[in-house]
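Lettering follows sequence order; numbering is per chain, from 1.
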Amino acid sequence: MKSVSSSVAAVEVTDVSKSYPNVRALNHVSLRVEQGEFFALLGPNGAGKTTLISILAGLTRADSGTAKIMGFDTVTAYRDARRNLGVVPQELVFDPFFTVRETMALQAKYYGVSKADAWIDEILHHLDLTSKANANMRALSGGMKRRVLVGQALVHKPPVIVLDEPTAGVDVELRQNLWTFIKRLNSEGHTIILTTHYLEEAEALCNRVAMLKGGEVVALDTTTNLLRGATGITVQVSADALPAAWQARGSVQASGAFGFTLSGFSELETLLAAFREANITIKEMKLGEADLEQAFLRLTSKEAA
Amino acid sequence: MSKSSPVSAAEFNPSPLALGPGFRALFYKECLRFWKVAFQTVVAPVVTTLLYLLIFSHVLESNVKVYDGRVGYTAFLIPGLVMMAVLQNAFANSSSSLIQSKMMRSVIFILLPPITSFEIFCAYVGGAMVRGLCVGLGVWLITFPFVGAAAAVPQHPLWVIAFAAGGSAIMGTLGLIAGIWSEKFDHLAVFQNFIIMPLTFLSGVFYSIHSLPAFWQGMSHFNPFFYMIDGFRYGFFGLSDVSPARSLAVVAFFVVFLSIVAMRMLATGYKLRP
């Protein structure tokens, strides 16, 4: 394998566009992920995250633009690019003919890793799958299959690891174990790119975030800066009705309370005044600070567009 | 754990026509896949073919004369059945493996690693050939007692090997093409029931084309399966409907032609890397 300079980006996407019939999945997307980063790729369904990952992995071909993994073009130097990349796919896929260990060993051999037993044992241990090593893939629960997919992405020890919704369907305790393991990989120098619907995970783990919407990058910044930009507060109000002027801004929460995202405490005063003037009694009120979810909603909402 | 990839550069020859560890792993997986369900993929077709032999030989042995009576009908039938088993199972292996992995989306496991199109092609076709030849060998061994060693042992074993290898390669490649093209099991069934099965049954497995009316004799010459069966049978008896060299040329042409088509599909990512 050709050597790569440490200044080479782990992932470099330049002006990539991709269209499917009637859908423009990616529109001139450019971004760069440095080596060693823990990077989040966020966006609503249909934003283009999986298409971008598919292009990086060589599963889909871009209409235009280039994508590089550790400096290797995913089309012209695809073998080097793929050798440097591990991907955990979003879909729960498995080969029903094989056991967990056979699945992992075969995947290692596809990458030319012939003596991977010790490393496979270590992966199985960290993913809490040791007791299932000789079980057929069909016999595993959804969460276990998801963990095998994570293991398959790691068998060739790739410097860049892409996790497309890795914790979907995985219970809370195992999710924590998984993140501890992934954080360890990141601390050892592996670049991690993550897509997740659990925004608190991205907020807690990732140094930088790219937000996609409609196939375009609408934000690309450090998590800290994005949180700083997400000024404001969230308010949940339990009341029998809403003042007429606020009905359009309130959303009904699962608890039955009305939820608002406000620019700050001055706007909270306005909201409370509106309740007083409308003679509506507030039974309960909860305040919250801005988080990545708000930044996400702000940047991907129609208003922001 | 080291950050750098542990794969040795020497193991991965950059030549697009080299067969590296990815090929070996995928070929092994293709063989392991059918071997794990050997009752379904090897034993069952052997038994089915044995039933063909029992029924057809019992009914037709004394009524049908082939090669002017120089070969008994049962002895004539056996190479045809062996070759039919080779062809059908070679096709079934590559086509079913690929369509299953496409439908279950596990095809991603071979699309993500640095395996070349040529390696994928060789692994799938190689696995298909192994299964076809395993079933063919099983049929040949189990039919031995029906005719005895004198009729069952090939007179020209090299011709037998050449046609068995060529025929299984053609059908393995055709299975690969069908697997790539098919988007659901229904599409594959069309391929199997309306192309493979009729061409196999009308290829002279059960009869010599000299027993057909002139029109159908002529039509048989446009069926590539006929050449595979006829050439294979020549290896057993030294007798055939057309020259074995001509049959081998037809087989070689189809091996090359279908390989180019399959390689083109894999290299362009047709229906695999949209």
Side-chain angles (χ1 to χ4, degrees), chain A residues 1-4 18 20 35-36 54 57-61 70 77-87 89 91-98 102-103 105-116 119 122-123 136-137 149 152-160 184-185 188-191, chain B residues 1-16 18-38 40-41 96-97 100-120 123 267-270 272-274:
Chain A
M1 197 169 93
K2 294 168 210 164
S3 63
V4 289
K18 174 71 183 177
Y20 295 108
Q35 290 185 42
S54 297
L59 298 173
T60 299
R61 296 178 185 211
M70 299 295 284
Y78 72 95
R79 300 187 79 183
D80 283 317
R82 288 182 202 168
R83 220 169 290 147
N84 281 285
L85 182 69
V87 177
E91 286 181 301
L92 213 53
V93 293
F94 63 98
D95 199 324
F97 288 91
F98 304 112
E102 284 171 340
T103 298
L106 274 171
Q107 201 67 20
K109 286 174 184 166
Y110 291 156
Y111 286 89
V113 184
S114 54
K115 291 173 184 166
W119 174 231
E122 193 179 339
I123 293 174
N136 187 283
M137 287 297 298
L149 285 174
Q152 282 179 268
L154 301 176
V155 283
H156 60 294
K157 300 185 181 179
V160 183
R184 190 192 121 193
L185 294 174
E188 288 171 353
H190 292 260
T191 307
Chain B
M1 175 182 166
S2 160
K3 184 175 75 163
S4 60
S5 171
V7 183
S8 119
E11 273 199 280
F12 273 98
N13 190 320
S15 163
L19 295 176
F23 158 75
R24 291 195 291 274
L26 188 53
F27 173 68
Y28 170 71
K29 177 236 161 187
E30 279 302 292
C31 294
L32 187 63
R33 192 193 74 91
F34 83 76
W35 196 250
K36 280 196 168 224
V37 284
Q40 179 198 330
T41 55
S96 66
S97 176
Q100 275 176 13
S101 58
K102 276 173 69 177
M103 297 303 289
M104 298 192 72
R105 313 268 188 190
S106 59
V107 71
I108 191 173
F109 300 138
I110 63 161
L111 298 178
L112 285 172
I115 309 176
T116 63
S117 304
F118 185 62
E119 287 177 318
I120 293 174
T268 57
Y270 177 75
L272 290 174
R273 301 180 197 270

Heavy atoms, side chains only, cut-off 4.5 Å: are A:Lys109 and B:Pro21 in contact?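 Side-chain contact under 4.5 Å: no.
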In the structure I gave you, are the side-chain heavy atoms of A:Tyr111 and B:Pro114 within less than 4.5 Å of one another anywhere?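 They are in side-chain contact.
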State, to 0.1 Å, how close [X] and [Y] come at their nearest heavy-atom pair, and which atoms those are.
X	Y	result
A:Tyr110	B:Ala25	CD2-CB, 3.5 Å
A:Gly58	B:Arg273	O-NH1, 2.8 Å
B:Leu112	A:Arg82	O-CD, 3.0 Å
B:Ile115	A:Tyr78	O-CE1, 4.2 Å

Relative to chain A, which segment of [X] carries a heavy atom at a distance below 4.5 Å: side chain, backbone, both, or neither?
X	value
B:Thr268	backbone
B:Val107	neither
B:Lys36	side chain
B:Phe23	neither

Decide yes or no on side-chain contact (heavy atoms from CB on, under 4.5 Å) for B:Val37 and A:Phe97, but give the supporting numbers first. CA-CA 9 Å; B:Val37 284; A:Phe97 288 91; 4.0 Å; yes
N-O pairing of B:Glu119 and A:Arg79 below 4.0 Å: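 Salt bridge: yes.
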Run the side-chain contact (heavy atoms from CB on, under 4.5 Å) check on A:Asp95 and B:Lys29 step by step: do they pass? CA-CA 11 Å; A:Asp95 199 324; B:Lys29 177 236 161 187; 3.5 Å; yes
For atom CZ of B:Arg105, decide whether the heavy atoms of other residues, nucleotides or ligands shown that lie under 6.0 angstrom number more than 12.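 Atom CZ in B:Arg105 is not crowded, with 12 or fewer foreign heavy atoms closer than 6.0 Å.
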Heavy-atom distance under 4.5 Å to chain B: side chain of A:Leu149, backbone, both or neither?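 Looking at A:Leu149, just its side chain touches chain B.
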In Å and rounded to the nearest 0.5 Å, what is the CG to CZ distance from A:Leu106 to B:Arg33?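 Going from the CG atom of A:Leu106 to the CZ atom of B:Arg33 covers 12.5 Å.
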Would you sort out whether A:Val93 and B:Phe109 count as a side-chain contact (heavy atoms from CB on, under 4.5 Å), showing the intermediate values? CA-CA 9 Å; A:Val93 293; B:Phe109 300 138; 3.7 Å; yes
